[in-house]
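Read through the structure below, which is laid out as structure tokens, and then see the notes.
All chains are named by letter (A, B, ...) in the order of the sequence lines, taking the proteins before the strands, and each is independently numbered beginning at 1.
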There are 2 protein chains.
Amino acid sequence: MLHRDYPGQACSIARSLEVIGERWSLLIVRDVMNGNRRFSGIQASLGIARNVLSARLQRLIDEDIIERRAYQESPPRYEYFLTEKGLDLWPALMALMHWGDRYNPGPEGPPMVVVHKGCGGVVSDRGICESCGQILTARDARAAPGPGAAVYDGLPFSPFAARR
Amino acid sequence: MLHRDYPGQACSIARSLEVIGERWSLLIVRDVMNGNRRFSGIQASLGIARNVLSARLQRLIDEDIIERRAYQESPPRYEYFLTEKGLDLWPALMALMHWGDRYNPGPEGPPMVVVHKGCGGVVSDRGICESCGQILTARDARAAPGPGAAVYDGLPFSPFAARR
DNA sequence: CGACTTGGTTGCTTGATGCAACCTTGTGTG
DNA sequence: CACACAAGGTTGCATCAAGCAACCAAGTCG
């Protein structure tokens, strides 16, 4: 949806941003990663316009970051899942989340923490378990409400059942 | 410059994206991190409109990510430097760069690699030195042209003297 | 004395975004 | 059986930000 490529940019950061460096894409990926898999769920959680969400999902599907699967037919209803490529955005999300926690913290502390499924340890900005030191991937971790989660205004916390 | 906040978003990823999740901001940070410190240098390197660059730099300064210092007076001339907060975006840049290298590689391989100043080892997507295993920060690393750097069309490679 | 450099600002146009309304297929409810 | 409601969109319109080009100002070079 970027109407202009980054000309002369051989940098991979630029190429990454062409795909996910846009107002909503990473937040959609985060939602899906956290188990919020349906159109209306994502729409409600982010407050994104429906047409824009539709366009973003289509773009993420085109880029093979998200996959759409029907969970019933007649009427057709869909869920969105991350592909491997999408799951591999996890380290970038961890880095951005920790940067936000550090420099723009909520009044009560981080609203969300990520924990290592294996040992329950907290995951660092590098996606490393602070308890056991293992270098993790998206599948090894799950999100959980943090100290600042109470600030969440009205909305119940998203379903964090990080299915597989 | 986002004309709308992410309402009800307690997530730190959302808060980070409010600040740097925008078409150019991260690329500007990357340029400055790589030693491209002047207005016209950044403008030429990114091909960004001058008014937009001006607005972005001002926003990054307001957010305490970038600092502006005069390197001469009469006529006043400025250079831009990263603050600690700006330097701490390095892990996110590493993650995005490696994701791009992995999934949208240039024809010749990665255009840029990042190496550990201390031991010369290659830096991983987590900002860890693959030779010595140390967890690095922006100050421990420098960028260098990678195998795909030749593709860079015309422009000389930016000055990578990652000054302190 | 005119051209060039750096570091911008101003105005205009275009295109992406937000918002609201509508559509379609099916299910629940009285 | 009529009506409302839900999921998952599409369409149309208004607005706001981004791109582009021109201009400005202070100083320096030939």
Side-chain angles (χ1 to χ4, degrees), chain A residues 1-9 14 17-28 31-32 35-62 66-81 158-159, chain B residues 1-9 14 17-28 31-32 35-62 66-81 158-159:
Chain A
M1 267 353 92
L2 297 174
H3 52 293
R4 185 174 188 273
D5 291 326
Y6 300 80
Q9 288 297 319
L17 291 175
E18 280 180 50
V19 183
I20 46 85
E22 172 273 338
R23 195 164 163 53
W24 295 111
S25 301
L26 266 187
L27 291 176
I28 294 171
D31 258 41
V32 174
N36 195 359
R37 300 204 176 75
R38 302 197 182 167
F39 188 93
S40 42
I42 299 169
Q43 196 270 323
S45 148
L46 297 181
I48 182 176
R50 298 165 71 83
N51 52 350
V52 176
L53 175 56
S54 189
R56 285 301 157 271
L57 285 169
Q58 194 52 59
R59 172 136 227 261
L60 290 169
I61 290 166
D62 291 347
I66 275 181
E67 205 178 13
R68 193 173 85 149
R69 301 186 204 153
Y71 66 89
Q72 70 173 44
E73 322 199 346
S74 87
R77 292 289 178 268
Y78 305 100
E79 283 182 322
Y80 298 91
F81 291 86
S158 318
Chain B
M1 265 359 85
L2 297 173
H3 52 294
R4 185 174 187 272
D5 292 327
Y6 301 82
Q9 288 297 319
L17 291 175
E18 280 180 49
V19 183
I20 47 84
E22 172 273 339
R23 195 164 163 55
W24 295 111
S25 300
L26 266 187
L27 291 176
I28 294 171
D31 258 41
V32 173
N36 195 0
R37 298 202 178 76
R38 302 195 182 169
F39 189 93
S40 43
I42 299 168
Q43 197 269 323
S45 149
L46 297 181
I48 182 177
R50 298 164 72 83
N51 52 350
V52 176
L53 175 56
S54 190
R56 286 298 157 274
L57 285 170
Q58 193 54 58
R59 172 134 225 263
L60 291 168
I61 289 167
D62 291 346
I66 275 182
E67 205 179 13
R68 193 173 84 148
R69 300 185 204 155
Y71 64 91
Q72 69 173 45
E73 321 198 346
S74 88
R77 291 288 179 270
Y78 305 101
E79 283 183 322
Y80 298 92
F81 291 85
S158 321

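Summarising the geometry, the separation between CG on B:L53 and C1' on C:dT10 is reported as 16 Å, rounded to the nearest angstrom. Here the C1' atom of nucleotide D:dG19 and the CG atom of B:L46 are 14 Å apart, to the nearest Å. For the pair A:Q43 CD and C:dG18 C1', the interatomic distance rounds to 11 Å; values are reported in whole Å. The CZ atom of B:R59 sits 11 Å away from the P atom of D:dA17 (whole-angstrom rounding). For the pair A:E22 CD and C:dT17 C1', the computed distance is 10 Å after rounding to whole Å. Atoms CD1 (B:I48) and P (C:dT9) sit 13 Å apart, rounded to a whole Å.
Counting heavy atoms from C-beta on, the side chains of B:L53 and B:L46 never come closer than 4.5 Å. Under the 4.5 Å side-chain criterion, counting only non-hydrogen atoms from C-beta, A:Y80 is not in contact with A:D31.
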Requested in this report: For each nucleotide in nucleotides 5-15 of chain D, reading 5' to 3', give B when a protein heavy atom comes within less than 4.0 Å of its base, S when such contact involves only the sugar-phosphate, and - otherwise.
Outcome: -BBBBSBB---
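With respect to A:R59 and A:E22, no salt bridge is recorded, no charged nitrogen being found less than 4.0 Å from a carboxylate O.
No donor-acceptor pair under 3.5 Å is formed between the side chain of B:Q58 and the backbone N or O of B:I61.
Judged as a side-chain contact (heavy atoms from CB on, under 4.5 Å), and not counting sequence neighbours, the contacts of B:P76 are B:Y78.
Side-chain nitrogen and oxygen atoms of A:W24 include none within less than 4.0 Å of the OP1 or OP2 phosphate oxygen of C:dT17.
In this structure, A:R37 forms no cation-pi arrangement with A:Y71, as its terminal cationic atom is not both closer than 6.0 Å to the ring centre and no more than 45° off the ring axis.
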